[in-house]
Amino acid sequence: MKLGVIGLPNVGKSTLFNAITQAGAQAANYPFCTIEPNVGVVAVPDTRLDALAKMHHPEKYTPATIEFVDIAGLVRGASRGEGLGNKFLSHIREVDAVVHVVRCFDDDNVVHVDGSVNPVRDAETINLELIFADMETVEKRIDRAQRLAKGDKSLLAEIELLKRIYAHLESGQPVRTFPADKDEAETIKTLFLLTSKPVIYVANIAEDDLGGEPNDYVKALYDVAAKEGAKALTISAKVEEEISELEPDEKKAFLEEMGIGQSGLDQLVQACYSLLGLISFLTAGPKEVRAWTITKGTKAPQAAGKIHSDFERGFIRAAVVPFDTLMQVGSMAACREKGLIRSEGKEYVMQDGDIVEFFFNV
């Protein structure tokens, strides 16, 4: 799972990325500080895994992970090659979802590429560049399909769909808001359009604004997200960078002192996980406790295949106990005694937090 962190130059994108990965991506007060995309992997916070680790004292602790890619700051005209232009766009094409960081604070010491802070304009600047790039992609696909349609009339339906998508983009709307049926959605996937990717808007606020009422900038950005059915979060990238350098106990005390229950980073990671329709099933024992990432709706044999292809090929059954049940009863042995471990077959749809042991024969 790969997420691209995008935004205008100097919005706090690389500062947030530093907090996310502690990878030390260079953060500086000028555009295009991030030339090549920095990549960092971060664990998905999961208190269930912590509880299983206390129960089993395993040799190995393996959480689910998300890969974040810090992509160079975009400027107006990128779709025509301005700034890092096409290079930037190609990096977005490779991610599963987009974290769009927008500056929601005033600071005379931090240059704004457009001279002033305006979240609605700033978000629109990037969205329009992505829309322009997608229009070019769709236009090329229409031209190609029209040439081929002279000998293959089955392409006429695709051409009609492509023209509708083009008109939607031309009206300033991203493809993720395009009304499509199931077959059309499958066709759209093959286009690899930038604006078809799910988005989380991140309102980057000043440290002093954390824990208070949302400022007008934040409210404006949340309105932008609501209009296109996207998620939005508020984070202080500077504070997140400070938190990332603390030990776990210090982090907990700091969050309590700030009046925040959970760090912005933890909220972001969990929101991204949810955005992509992902859940975790768990395996636990003295050797390892581990969270495995699957999409909602995955059946037991395919989940088993995440561990090893032989598990899916020779799948017999899955022994399943929900995490909450295990916590209520206290141990796997007690769950077994009470008959609370279910035996599930090939049609079982996995649920978030299922603790599973797979049985197979190859």
Side-chain angles (χ1 to χ4, degrees), residues 1-51 53-54 60-73 95 99-111 200-212 214-215 218 232-273 291:
M1 179 171 47
K2 189 182 285 189
L3 294 131
V5 184
I6 69 170
L8 290 170
N10 298 341
V11 295
K13 188 171 52 64
S14 292
T15 303
L16 177 62
F17 180 81
N18 289 351
I20 287 170
T21 64
Q22 298 182 35
Q26 185 186 10
N29 187 19
Y30 57 91
F32 312 128
C33 175
T34 309
I35 304 298
E36 292 300 329
N38 294 284
V39 178
V41 178
V42 63
V44 177
D46 196 333
T47 54
R48 299 171 305 192
L49 213 57
D50 298 334
K54 286 179 183 176
K60 196 174 177 186
Y61 176 101
T62 312
T65 58
I66 293 179
E67 188 173 300
F68 282 92
V69 183
D70 180 24
I71 298 170
V95 303
V99 176
H100 186 163
V101 183
V102 181
R103 179 171 160 182
C104 290
F105 64 90
D106 291 308
D107 187 338
D108 293 338
N109 296 317
V110 181
V111 177
I200 290 181
Y201 286 98
V202 172
N204 183 21
I205 61 172
E207 185 172 351
D208 292 344
D209 290 337
L210 199 62
N215 63 34
V218 172
L233 283 175
T234 303
I235 285 176
S236 170
K238 194 67 184 168
V239 170
E240 293 303 316
E241 191 173 36
E242 291 169 12
I243 290 173
S244 71
E245 295 168 359
L246 300 176
E247 295 298 323
D249 289 346
E250 292 175 320
K251 175 182 171 180
K252 187 179 177 184
F254 182 86
L255 292 174
E256 286 174 0
E257 187 181 323
M258 296 290 289
I260 317 166
Q262 192 180 33
S263 75
L265 169 56
D266 286 353
Q267 292 176 51
L268 175 61
V269 172
Q270 289 173 339
C272 291
Y273 209 64

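Given the structure is predicted, the values throughout are model-derived calculations rather than measurements. Only this structure's heavy atoms are used, side chains among them; waters, hydrogens and symmetry mates stay out.
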Those residues at least two apart in sequence (or on a different chain) that pass side chain to side chain contact (heavy atoms under 4.5 Å, CB included) with Thr65 are Val41
Sequence neighbours excluded, the answer for side chain to side chain contact (heavy atoms under 4.5 Å, CB included) partners of Ala64 is Val44, Tyr273, Ser280, Ala291, Thr293
In terms of heavy-atom contacts, Val218 and Pro214 come closest through CG1-CB, 3.9 Å
Side-chain heavy atoms of Asn10 within contact of Leu8, under 4.5 Å = no
Scanning both residues in full, the closest heavy-atom pair of Ala237 with Gly12 reads CB-O, 3.8 Å
CZ of Arg103 to NZ of Lys13, rounded to nearest 0.5 Å, is 14.0 Å
Applied to residues 253-273, the salt bridge (charged side-chain N to carboxylate O under 4.0 Å, His left out) test, sequence neighbours excluded, yields Lys251-Asp266
Tightest non-hydrogen contact, residues Val269 and Val42, listed as CG2-CG1, 4.0 Å
Within a strict 4.5 Å, meaning less than it, do heavy atoms of the Asn204 and Leu16 side chains meet? no
For Leu49 and Thr62 the tightest heavy-atom approach is CD2-O, 3.7 Å
For Ala43, the side chain to side chain contact (heavy atoms under 4.5 Å, CB included) test, sequence neighbours excluded, returns Pro63
Of all heavy-atom pairs linking Asp46 and Tyr61, the shortest is O-OH, 4.1 Å
Of all heavy-atom pairs linking Glu240 and Gly264, the shortest is OE2-N, 2.9 Å
Residues passing the salt bridge (charged side-chain N to carboxylate O under 4.0 Å, His left out) test with Asp209, sequence neighbours excluded, are none
With sequence neighbours left out, the residues meeting ring pair (Phe, Tyr, Trp, His ring centres under 6.0 Å) with Phe68 are none
So salt bridge (charged side-chain N to carboxylate O under 4.0 Å, His left out) across residues 1-10, not counting sequence neighbours, yields Lys2-Glu67
Quick check: do Asn18 and Ser244 have side-chain heavy atoms less than 4.5 Å from each other?
no
Those residues at least two apart in sequence (or on a different chain) that pass side chain to side chain contact (heavy atoms under 4.5 Å, CB included) with Ala253 are none
Does any N or O in the side chain of Asn215 come within less than 3.5 Å of the main-chain N or O of Phe105, such that one atom is a donor and the other an acceptor? no
Residues passing the side chain to side chain donor-acceptor pair (under 3.5 Å) test with Glu207, sequence neighbours excluded, are none
CD1 (Ile66) and CD (Gln270) are apart, to the nearest 0.5 Å, by 9.0 Å
Problem set entry | pair Ile243-Leu265: side-chain heavy atoms closer than 4.5 Å | no
